[in-house]
Amino acid sequence: MSQHKYLVTGGAGYVGSVVAAHLLEAGHEVTVLDDLSTGFREGVPAGATFIEGRVQDAARWLDASYDGVLHFAAFSQVGESVADPEKYWTNNVGGTMALLAAMRDAGVAKLVFSSTAATYGEPLSTPITEAAPTAPTSPYGASKLAVDHMISGESTAHGLAAVSLRYFNVAGAYGAHGERHDPESHLIPLVLQVARGRRASIAVYGDDYPTPDGTCVRDYIHVADLAEAHLLALDAAEPGQHLICNLGNGNGFSVREVVETVRKVTGHPVPETPAPRRAGDPAVLVASAQTAREKLGWNPSRADLAGIVADAWAFARREEQEA
Ligand SMILES: NC(=O)c1ccc[n+]([C@@H]2O[C@H](COP(=O)([O-])OP(=O)(O)OC[C@H]3O[C@@H](n4cnc5c(N)ncnc54)[C@H](O)[C@@H]3O)[C@@H](O)[C@H]2O)c1
């Protein structure tokens, strides 16, 4: 018997599909709303009701039978957002405005939103807490920050119970649900493409950063740990409050450590190509997840990089076999 009924926007995408699978496993009823702009129909977990449609039209489907919304649907390519900012304002901000209006009209008063570390921009200090200044360096990060502000206003004015989860680098896979962005910009799937022979080498952008091995350090969080935080956030959300929590492991791994781990896990050589630093790439981006631990009771259990890479590799090989 189902416990609650949730709308999952963007549930045909990477993170949304893993969270939808976790909700179903916990006995909830799930409807996925996704326009398949970057997601895949086969990514929607079995057992979920699927609506192919846009968040902008959420009012057509949302009604008082829903207990809450988990909102993943967005565009999320940083580089594309610099080249085509209006695409990001229209979809990420415009889409969420329409969703919030539909929730208000339907009387659905609980929201968990996928925010991002990109709302902070270049950190003044690490690990990054929620009190850090927000100064996004891309329209993508700015669009997500704008949505966070919209949600705060909605909570204050209309009593919405809301949690924004600011993810750092999501990685790994959960069975049949894994990462396949096109174009791919995330390090682990890119390095795995080299291991699979799909890409000749991995570019290492800068090896003279003030880090132990000179390459950039990032915080990788397993997508299943992230999914668990969403279920906890649904329980923790309080009417009239907007809680913001960073989600990361709190320990960073360098680009070179990721490449080396991929070599070990896959047994394949991974050639590197040295490249100049990229503008706007901070040396270290690591989260403080203290708030998530305290307020959500979150306790990530898959922080080990080799395990994260092994799960992503299993998904990549599975995809290859199915192709
Ligand atoms: N993957 C990460 O490392 C990461 C890090 C920080 C934040 N996030 C955020 O998490 C969320 C999910 O990211 P992801 O990596 O799973 O991306 P994804 O592209 O795999 O998933 C996004 C999904 O939303 C759908 N979508 C987009 N616009 C839509 C619209 N207007 N109406 C209906 N569906 C729409 C897409 O078809 C896709 O299935 C995004 O909001 C992203 O900004 C992701």
List the atom of Ala227, the atom of Val18, and the distance in Å for their closest heavy-atom pair.
CB-CG1, 4.0 Å

Taking all heavy atoms of Phe315 and all of Gly178, pick out the closest pair and write down the distance.
CE1-N, 3.2 Å

For the CE atom on Met97, are there more than 12 heavy atoms of other groups (residues, nucleotides or ligands in this structure) within a distance under 6.0 Å?
no

Run the side-chain contact (heavy atoms from CB on, under 4.5 Å) test on Tyr209 and Asp281 for me, step by step, so that the C-alpha distance in whole Å, both residues' side-chain angles and the decisive distance to 0.1 Å come before the verdict.
CA-CA 10 Å; Tyr209 283 95; Asp281 247 355; 3.6 Å; yes

Could you walk me through whether Tyr140 and Lys87 pass the side-chain contact (heavy atoms from CB on, under 4.5 Å) check?
CA-CA 10 Å; Tyr140 164 63; Lys87 181 172 175 181; over 6 Å; no

Main chain of Ala171, side chain of Tyr14: is a donor-acceptor contact present, judged purely on distance under 3.5 Å?
yes

Between the main-chain N or O of Asn249 and the side-chain N or O of Asp219, is there a donor-acceptor pair closer than 3.5 Å?
yes

Does a side chain donor of either His181 or Thr38 reach within less than 3.5 Å of an acceptor in the other side chain?
no

Quick one: CG on Leu160 to NZ on Lys110, what's the gap to the nearest 0.5 Å?
10.5 Å

Under a 3.5 Å distance rule, please check whether Arg104 uses its side chain to pair with a backbone N or O of Glu154 as donor and acceptor.
no

Leu247 with Leu234, same ILVMFWY side-chain cluster at under 4.5 Å:
yes

Is a side-chain donor or acceptor of His71 paired with a backbone partner of Thr9 at a separation under 3.5 angstrom?
no

Do the rings of Phe253 and Tyr220 sit parallel, tilted or perpendicular, given the 30° and 60° boundaries?
tilted

What's the spacing between Thr119 OG1 and Asn246 CG if we round to 0.5 Å?
7.5 Å

Looking at CD of Gln193 and CZ of Arg180, how far apart are the two atoms once the value is rounded to the nearest 0.5 Å?
13.0 Å

Could you go through Val259 and Val194, starting from their C-alpha distance and side-chain angles, then the distance that decides it, and tell me whether this counts as side-chain contact (heavy atoms from CB on, under 4.5 Å)?
CA-CA 10 Å; Val259 173; Val194 181; over 6 Å; no

Where the side chain of Gln77 meets the backbone of Gly79, is there a donor-acceptor pair that is under 3.5 Å apart?
no

From the list Thr116, Asn92, Asn91, side chain to side chain donor-acceptor pair (under 3.5 Å) with Ser143 holds only for Asn92

Please report, to 0.1 Å, the donor-acceptor pairs under 3.5 Å made by any side chain of residues 260-269, with sequence neighbours excluded.
residue, atom, partner, partner atom, Å
Glu260, OE1, Arg263, NH1, 2.8
Thr261, OG1, Glu257, O, 2.6
Arg263, NE, Val270, O, 3.3
Arg263, NH2, Val270, O, 2.7
Arg263, NH2, Glu272, OE2, 3.1
Thr266, OG1, Val262, O, 2.7
Thr266, OG1, His268, N, 3.1

With the 4.5 Å side-chain cut-off for hydrophobic clustering, are Met150 and Leu145 part of the same group?
no

Taking atom NZ of Lys5 and atom OG1 of Thr31, what is their separation to the nearest 0.5 Å?
5.5 Å

Least distance between heavy atoms, Phe168 atom then Val286 atom
CE2-C, 3.9 Å

Got a donor-acceptor contact below 3.5 angstrom from the His177 side chain to the Gly43 backbone?
yes

Return the minimal non-hydrogen interatomic distance between Ile151 and Ala162, and the atom names on each side.
CG2-CB, 3.4 Å

Exam field: side chain Asp213 to backbone Thr215, donor-acceptor pair closer than 3.5 Å:
yes

Would you check if the side chain of Asp57 reaches a backbone N or O of Arg60 as a donor-acceptor pair within less than 3.5 Å?
no

Side chains of Thr129 and Ser288: do they bring a donor and an acceptor to under 3.5 Å?
no

Yes or no on side-chain contact (heavy atoms from CB on, under 4.5 Å) for Val44 and Asp34, after CA distance, side-chain angles and deciding distance?
CA-CA 9 Å; Val44 178; Asp34 198 301; 5.8 Å; no

In this structure, is the centre-to-centre distance between the rings of His230 and Phe72 below 6.0 Å?
yes

What's the shortest heavy-atom distance between Gln3 and Ala26, and which atoms?
OE1-O, 2.6 Å

One should read off an interatomic distance between Ile244 CD1 and Ser115 OG, to the nearest 0.5 angstrom, of 7.0 Å

Going hydrophobic residue to hydrophobic residue with side-chain gaps under 4.5 angstrom, can you get from Tyr88 over to Val55?
no

Check for me, please, whether Ile221 and Leu165 land in the same ILVMFWY cluster - side-chain distances under 4.5 Å, paths through other members count.
yes

How close do Ala233 and Val112 get, counting heavy atoms only, and between which atoms?
CB-CG2, 4.0 Å

Can you check whether Arg302's main-chain N or O pairs, donor with acceptor, with Asp225's side chain at less than 3.5 Å?
yes

If you round to the nearest 0.5 Å, how far is CD of Glu52 from CG of Leu36?
4.5 Å

